[in-house]
> 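One structure is given below, represented as structure tokens, and several questions about it will come after.
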There are 4 protein chains.
Amino acid sequence: MGEAPRRPRPMRADAARNRARLLDVATEVFTTRGVGVPTEEIARAAGVGVGTLFRHFPTKEALLEAVMVRRLETMAARTEQLTTGSAPAEAFFDCFRLLVEQSVGKSDFVEALAAAGVDVRSALRESSTAIRDQLGDLLTGAQRAGAVRPELGLPELLALLAGIGRAVEQLGADPAGRERIFEVVFAGLRPH
Amino acid sequence: MGEAPRRPRPMRADAARNRARLLDVATEVFTTRGVGVPTEEIARAAGVGVGTLFRHFPTKEALLEAVMVRRLETMAARTEQLTTGSAPAEAFFDCFRLLVEQSVGKSDFVEALAAAGVDVRSALRESSTAIRDQLGDLLTGAQRAGAVRPELGLPELLALLAGIGRAVEQLGADPAGRERIFEVVFAGLRPH
Amino acid sequence: MGEAPRRPRPMRADAARNRARLLDVATEVFTTRGVGVPTEEIARAAGVGVGTLFRHFPTKEALLEAVMVRRLETMAARTEQLTTGSAPAEAFFDCFRLLVEQSVGKSDFVEALAAAGVDVRSALRESSTAIRDQLGDLLTGAQRAGAVRPELGLPELLALLAGIGRAVEQLGADPAGRERIFEVVFAGLRPH
Amino acid sequence: MGEAPRRPRPMRADAARNRARLLDVATEVFTTRGVGVPTEEIARAAGVGVGTLFRHFPTKEALLEAVMVRRLETMAARTEQLTTGSAPAEAFFDCFRLLVEQSVGKSDFVEALAAAGVDVRSALRESSTAIRDQLGDLLTGAQRAGAVRPELGLPELLALLAGIGRAVEQLGADPAGRERIFEVVFAGLRPH
DNA sequence: GATGAATGAGTGTTCATTCAT
DNA sequence: AATGAATGAACACTCATTCAT
């Protein structure tokens with residue numbers, strides 16, 4: 001079935017698959033069980049040897065960074081979608097909600113948000129700059145539209161995103177309660 | 001069986017001093033440098049041997065727990081103070097602020113405890129129940145006084161406290177920004 | 001039997017014994033099988049756990065250094081003995097022979113000699129300075145007595161010691177051959 | 001069985017080039033940075049993949065051996081040159097000097113080979129026998145010419161070569177000091 | 001033949017916990 | 001009660017060697 005691959009890609013296919021698998025597994029594992037999980041276990045769960053893990057990510061920290069970068073990129077992509085095609089105010093609040101909701105049950109997503117606000121890690125700088133810029137534009141737009149307190153700065157916004165992400169995460173599966181939290185924050189963000 | 005209960009007391013003075021010192025040092029160290037700091041270092045900083053540490057706290061986890069419990073108790077005490085001498089609305093907001101500012105750096109602990117498989121609720125239930133009850137009273141009082149949205153429940157309040165704690169923690173040393181965050185949340189908490 | 005030890009030494013006795021044993025074993029093992037031997041094996045051979053090894057020597061390199069320091073100190077002590085109480089020329093040649101003969105079958109002894117000539121390692125500096133100074137005095141004395149070429153410097157002497165140590169080591173158990181090597185070198189060291 | 005032996009040859013050009021390049025690089029790298037350098041790095045420096053390295057040399061140890069053999073062969077060739085065109089005494093001393101200067105940095109190899117359990121003599125016997133024989137002839141010639149102590153045997157000469165090689169190696173870049181060492185040894189080698 | 005991704009045993013080191021003193 | 005030396009399982013990471021492409 002499908003097309004016969006005349007030239008099986010220059011052999012990078014398996015490598016790329018392994019890399020992707022490692023990233024997926026690491027994301028899952030770090031999210032659910034914390035960053036303390038041994039590298040060996042991650043490798044085993046991905047079906048490869050430790051050596052392979054370290055070939056793709058020279059350090060456990062590098063693996064963590066890669067996970068975060070991917071999360072940040074996902075965020076940026078979705079933010080991008082929302083941004084284009086909505087009125088500034090609407091875009092701002094939709095985006096806030098989206099970012100927060102993506103982090104439910106995923107504490108490392110919150111970490112990623114937080115990292116975007118702190119940005120000490122060199123490897124993360126590029127991708128965290130991306131969303132930070134997007135959010136900056138979004139914030140300015142909403143403020144110009146008179147939908148958000150004019151005195152609010154980008155750092156506070158990032159901190160609030162990470163914080164509300166955590167709040168929602170801690171609340172767990174309680175849609176009504178989550179909605180109430182959004183109401184509180186959104187109301188508070190509006191001028192006056 | 002049935003030894004005369006002489007209940008020795010004299011030597012306890014030093015022991016109690018050591019215990020208190022260990023708790024102080026552990027609080028300081030865990031807060032500023034994370035829970036990854038080796039027990040031996042904590043013992044040294046407290047001026048005792050590791051053995052002494054483990055005599056008082058049979059496990060590192062137990063030490064973490066004890067630190068948490070004491071924090072919670074301190075918070076409960078301060079909350080009590082605030083509660084008893086102020087108008088309900090004022091007491092509520094003062095208390096919110098106090099708890100947020102006291103909880104900076106605490107999230108690390110909770111996660112470590114959870115990761116260690118401790119049933120956080122069982123271990124800390126007693127002391128955490130105390131503040132939870134106080135907060136419930138405070139919330140109801142503020143709602144009756146018309147200072148807080150009537151539909152807000154205790155779970156959301158707790159989640160918000162944790163979340164804003166994290167936001168403030170991430171923001172770091174920026175008093176003006178921190179104030180802006182409080183303004184947003186306090187404004188949002190008020191009815192309508 | 002024996003004296004009842006009223007006060008068993010402040011408990012350092014065992015620790016010191018372990019440390020000494022580790023040093024002995026490491027010396028033996030490094031000498032006979034090279035520095036590539038795993039730390040764990042050294043610990044096992046000394047009858048202790050790895051942790052104990054690392055408690056006494058924070059690094060494998062530190063252990064190696066300690067071995068070398070002890071060798072250098074041994075050399076210095078024996079050199080000292082020979083120096084005092086002999087005529088300068090005699091002392092010089094006796095000492096040369098002694099140093100070389102101690103290194104037979106002990107390549108790390110040669111290393112120690114070499115280290116005294118190079119002295120990059122900070123930890124070795126003190127002890128290597130000691131013998132270097134002694135040998136410097138010895139050399140000057142012998143040169144003043146007209147027994148050694150006046151143009152020979154200390155660096156060359158140290159290099160020669162290490163080199164002849166290696167030569168003798170490679171020659172193995174052949175007393176006559178060893179003697180011939182000494183004859184060659186001693187003759188060459190004399191003026192003209 | 002019994003395929004027609006076509007004896008392919010064409011593609012061998014590249015293979016031979018690779019082999020030679022690997023040997024060159026390995027010699028350089030092992031000499032300057034020790035035998036601990038990873039195979040992969042050597043392959044990269046030679047511009048080939050690890051697989052190619054292991055196709056040519058089934059083992060790291062085999063690569064080491066090949067490097068040694070080539071060094072010995074080079075030495076033998078130069079020794080031969082010196083031998084044939086000079087008076088016996090001159091040839092002997094020139095050759096001594098040459099071998100010492102060529103062997104700088106070689107001791108590392110021999111030790112690594114020995115440590116790896118290779119029977120150095122069997123693996124390198126052929127090529128080392130060559131120089132040994134030449135040196136034997138050279139020694140005898142010089143002794144007949146009255147330029148070298150008659151009682152000196154070939155084993156001591158070999159040991160001296162290795163030892164002085166090490167001495168010179170340790171001395172590093174100090175031409176004058178090196179010269180003084182040669183003076184000492186050459187003077188010592190002469191009769192009486 | 002060549003490539004380089006994959007492997008996994010092996011290494012140095014850490015750290016919570018125990019126990020002799 | 002206190003001490004700190006000892007323990008050893010656990011961890012991150014390396015590297016010679018194999019093998020699918």
Side-chain angles (χ1 to χ4, degrees), chain A residues 7-19 36-44 47-61 63, chain B residues 8 10-12 14-15 18 36-44 47-61 63, chain C residues 7-19 36-44 47-61 63, chain D residues 8 10-12 14-15 18 36-44 47-61 63:
Chain A
R7 286 200 188 183
R9 288 75 155 224
M11 145 64 165
R12 234 61 165 239
D14 262 43
R17 179 118 79 229
N18 277 338
R19 207 194 118 97
V37 178
T39 49
E40 198 151 349
E41 201 169 331
I42 294 173
R44 189 163 45 240
V48 303
V50 238
T52 302
L53 189 156
F54 280 98
R55 162 175 280 272
H56 287 292
F57 308 95
T59 280
K60 190 186 188 182
E61 212 194 330
L63 176 58
Chain B
M11 286 309 276
R12 283 280 168 76
D14 262 42
N18 277 341
V37 178
T39 49
E40 197 146 356
E41 202 166 330
I42 292 171
R44 188 164 48 241
V48 303
V50 239
T52 303
L53 187 156
F54 278 93
R55 173 173 290 277
H56 287 295
F57 308 96
T59 282
K60 190 183 189 180
E61 198 181 280
L63 175 59
Chain C
R7 286 201 190 184
R9 288 75 155 225
M11 145 66 162
R12 235 57 165 244
D14 262 43
R17 178 118 77 231
N18 277 336
R19 208 194 116 96
V37 179
T39 47
E40 197 150 352
E41 200 170 333
I42 294 174
R44 188 165 44 242
V48 303
V50 237
T52 302
L53 187 156
F54 280 95
R55 162 173 282 272
H56 287 292
F57 307 96
T59 280
K60 191 185 186 182
E61 212 194 329
L63 176 58
Chain D
M11 287 309 279
R12 283 281 168 72
D14 261 43
N18 278 341
V37 178
T39 49
E40 197 146 354
E41 202 166 330
I42 293 171
R44 190 164 45 243
V48 303
V50 239
T52 303
L53 189 155
F54 278 92
R55 173 174 290 275
H56 286 295
F57 308 96
T59 284
K60 190 184 189 179
E61 200 181 273
L63 176 59

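Note on naming: letters A, B, ... go to the chains in the order of the sequence lines (proteins, then strands), and numbering restarts at 1 for each one.
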> Can you find a side chain N or O atom of A:Asn18 that sits less than 4.0 Å from OP1 or OP2 on E:dA5?
no
> Measure the distance from CD1 on B:Ile42 to C1' on E:dT17 and round it to the nearest whole Å.
14 Å
> What integer distance in Å separates C:Arg19:CZ from F:dG4:P?
18 Å
> Would you mind telling me which residue lines up with the more 5' stretch of DNA chain E, B:Val37 or C:Val37, judged by nearest nucleotide?
C:Val37
> Give the nucleotide from the list E:dT17, F:dA12, E:dG12 with an atom nearest to the side chain of C:Lys60.
E:dG12
> For a stem of at least 3 consecutive Watson-Crick or G-U pairs with distances under 3.5 Å, i pairing with j, i+1 with j-1 and so on, which stems involve DNA chain F?
E:2-21 with F:2-21
> Nearest heavy-atom pair of A:Val48 and A:Leu53: which atoms, and what distance?
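Taking every non-hydrogen atom into account, CG2-N, 4.5 Å.
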> On DNA chain F, check which nucleotide each of C:Arg55 and A:Gly36 is closest to and give me the residue with the more 5' one.
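The residue closer to the strand's 5' end, by nearest nucleotide, is C:Arg55.
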> Just to verify, what does D:Glu40 make a side chain to side chain contact (heavy atoms under 4.5 Å, CB included) with, not counting sequence neighbours?
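If we apply the side chain to side chain contact (heavy atoms under 4.5 Å, CB included) test to D:Glu40, skipping adjacent residues, the hits are A:Arg55, D:Arg44, D:Val50.
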> How many whole angstroms separate atom CG of A:Asp14 from atom C1' of F:dC19?
12 Å
> Check whether any side-chain heavy atom of A:Thr39 lies under 4.5 Å from a side-chain heavy atom of A:Leu63, and answer yes or no.
no
> Enter the distance from C:Asn18:CG to C:His56:NE2 here, rounded to the nearest 0.5 Å.
5.0 Å
> So, does C:Thr39 get its side chain near the phosphate of E:dG12, meaning an N or O under 4.0 Å from OP1 or OP2?
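For E:dG12, OP1/OP2 do have a side-chain N/O of C:Thr39 under 4.0 Å.
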> Please report, rounded to the nearest Å, how far the C1' atom of E:dG8 is from the CD atom of A:Glu41.
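Going from A:Glu41 (CD) to E:dG8 (C1'), I get 17 Å.
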> Among F:dA2, E:dG4, E:dT14, which nucleotide sits nearest the side chain of C:Phe54?
E:dT14
> Sort me out a list of protein N/O and nucleotides 8-10 of chain F N/O pairs below 3.5 Å, or just none if empty.
from  : atom 1 : to      : atom 2 : distance (Å)
F:dG8 : N7     : C:Gly51 : N      : 3.4

> Would you name the heavy atoms of C:Phe57 and C:Arg19 that are closest together and state the gap between them?
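So the minimum-distance heavy-atom pair works out to CE2-NH1, 3.5 Å.
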> Measure from CZ on A:Arg17 to C1' on F:dT21 and round the result to the nearest Å.
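After rounding, the gap between these two atoms is 14 Å.
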> Establish, with yes or no, whether the OP1 or OP2 oxygen of F:dA1 is under 4.0 angstrom from a side-chain nitrogen or oxygen of B:His56.
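B:His56 to F:dA1 OP1/OP2: no side-chain N or O under 4.0 Å.
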> To the nearest Å, give me how far apart CZ (B:Phe57) and P (E:dT18) are.
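To the nearest whole Å, that distance equals 16 Å.
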> What distance, rounded to whole Å, do you find between the two C1' atoms, one in E:dG1 and one in F:dT21?
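These two C1' atoms come out 13 Å apart once rounded.
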> Measure from CD on A:Glu61 to C1' on F:dC13 and round the result to the nearest Å.
14 Å
> Would you kindly give the CG-to-P distance between B:Leu53 and E:dC15, to the nearest whole Å?
15 Å
